[in-house]
Amino acid sequence: MLQSNFQNVYDKFKLEFFRRIFELVRERDGSLSAMEAFSIEVIHALDEPTVGQFAEFLNISQSNATYKVNNLIKKGYLKRQNSATDRREYHLVLSEKYYGYTDIMRSYVKVVMDRIEDSFTPEETETFARLLGRISDELMPEAGALKSNS
């Protein structure tokens with residue numbers, strides 16, 4: 001029952017995410033392709049990675065990663081920022097254009113979170129939040145460390 005319920009919730013979030021991506025990637029000048037939308041989400045989750053870190057996480061070549069990054073920069077969703085510690089290295093920083101796009105993407109999570117807070121007691125909600133934190137921090141090492149959105 002736990003696995004089935006979790007899979008249902010995960011699939012619903014995923015389907016809503018895909019639906020919203022396809023709404024956003026309509027053929028128009030400067031729009032993101034589906035692959036670019038997925039790439040920018042990975043860059044967001046990795047929190048200002050280098051191109052090498054992005055490539056390593058996706059298990060793709062450095063040249064493939066550079067190509068994807070350059071397209072995202074040309075479309076205005078991403079910027080390069082020199083590293084404070086090594087001026088030869090740069091990090092991938094999301095632009096304001098990205099944040100306009102991502103607000104649409106993340107709005108469904110907010111809707112569901114609001115419904116959780118309306119449907120459960122504060123104690124149940126706090127327990128759920130703690131469990132999600134432990135799942136993320138302790139039980140999903142393959143996904144890597146994500147920045148906290150709290």
Next item on the list: Would you kindly confirm whether Phe128 and Phe6 end up in one hydrophobic cluster when ILVMFWY residues are joined by side chain heavy atoms under 4.5 Å apart?
Entry: no

Check: Which atom pair, heavy atoms only, marks the closest approach of Ala37 to Ile40?
Finding: O-CG2, 3.2 Å

Item checked: Pairwise side-chain contact, Asn82 with Glu89, heavy-atom cut-off 4.5 Å (strictly under) -> no

Checklist line | Qualifying residue, where the test is side chain to side chain donor-acceptor pair (under 3.5 Å) with Tyr90 and the options are Arg80, Lys79, Glu48 | finding: Arg80

Next item on the list: For Ala65 and Phe54, work out which heavy atoms get closest and say how close.
Entry: CB-CD2, 3.7 Å

Item checked: Residues Asp11 and Lys14 bridged, charged N to O under 4.0 Å -> yes

Notebook entry, point to check: Passes side chain to side chain contact (heavy atoms under 4.5 Å, CB included), Val9 versus Val112? Steps please.
Noted result: CA-CA 11 Å; Val9 168; Val112 174; over 6 Å; no

Next item on the list: Would you check if Asn64 and Leu58 make a side-chain contact, meaning some heavy-atom pair closer than 4.5 Å?
Entry: no

Item checked: Ionic contact status for Lys68 with Glu36, cut-off 4.0 Å -> no

Margin query: Determine whether Ser95 and Leu78 satisfy the following criterion, side chain to side chain contact (heavy atoms under 4.5 Å, CB included), listing intermediate values before the conclusion.
Written below: CA-CA 5 Å; Ser95 71; Leu78 203 54; over 6 Å; no

Check: Looking only at atom types and distance, does a side-chain atom of Ser136 sit under 3.5 Å from a main-chain N or O of Leu132, one as donor and one as acceptor?
Finding: no

Next item on the list: Apply side chain to side chain contact (heavy atoms under 4.5 Å, CB included) to Arg134 and Leu139, showing your working.
Entry: CA-CA 7 Å; Arg134 283 192 60 200; Leu139 306 178; 5.9 Å; no

Next item on the list: Begin with the C-alpha distance, continue with both residues' side-chain angles, and end with the deciding distance and a verdict on side chain to side chain contact (heavy atoms under 4.5 Å, CB included) for Glu124 and Glu126.
Entry: CA-CA 5 Å; Glu124 290 171 321; Glu126 179 59 33; over 6 Å; no

Next item on the list: Give, for atom CG of Leu46 and atom CG of Leu92, the distance between the pair rounded to the nearest 0.5 Å.
Entry: 9.5 Å

Item checked: Common cluster, Met35/Val51, ILVMFWY with side-chain heavy-atom separation under 4.5 Å -> no

Check: Is the count of non-hydrogen atoms from other residues, nucleotides or ligands lying under 6.0 Å from Gln3 atom CD greater than 12?
Finding: no

Notebook entry, point to check: Quick one: CE on Met113 to OG1 on Thr125, what's the gap to the nearest 0.5 Å?
Noted result: 9.5 Å

Checklist line | Gln53 atom CD, over 12 foreign heavy atoms within 6.0 Å | finding: yes

Note to self: Let me check something: do Ile73 and Tyr67 share a hydrophobic cluster, defined by ILVMFWY side-chain heavy atoms less than 4.5 Å apart, either directly or through other members?
What the structure shows: no

Checklist line | Exam field: side chain Glu16 to backbone Phe13, donor-acceptor pair closer than 3.5 Å | finding: no

Checklist line | Same apolar cluster: Val93 and Val69, side chain cutoff 4.5 Å | finding: no

Checklist line | Any Pro49 side-chain heavy atom under 4.5 Å of His91 side chain | finding: no

Margin query: Looking at every heavy atom in both Leu32 and Lys75, which two are closest together, and how far apart are they?
Written below: CA-NZ, 4.2 Å

Note to self: To the closest 0.5 Å, what do you measure between CD (Glu41) and OH (Tyr98)?
What the structure shows: 4.0 Å

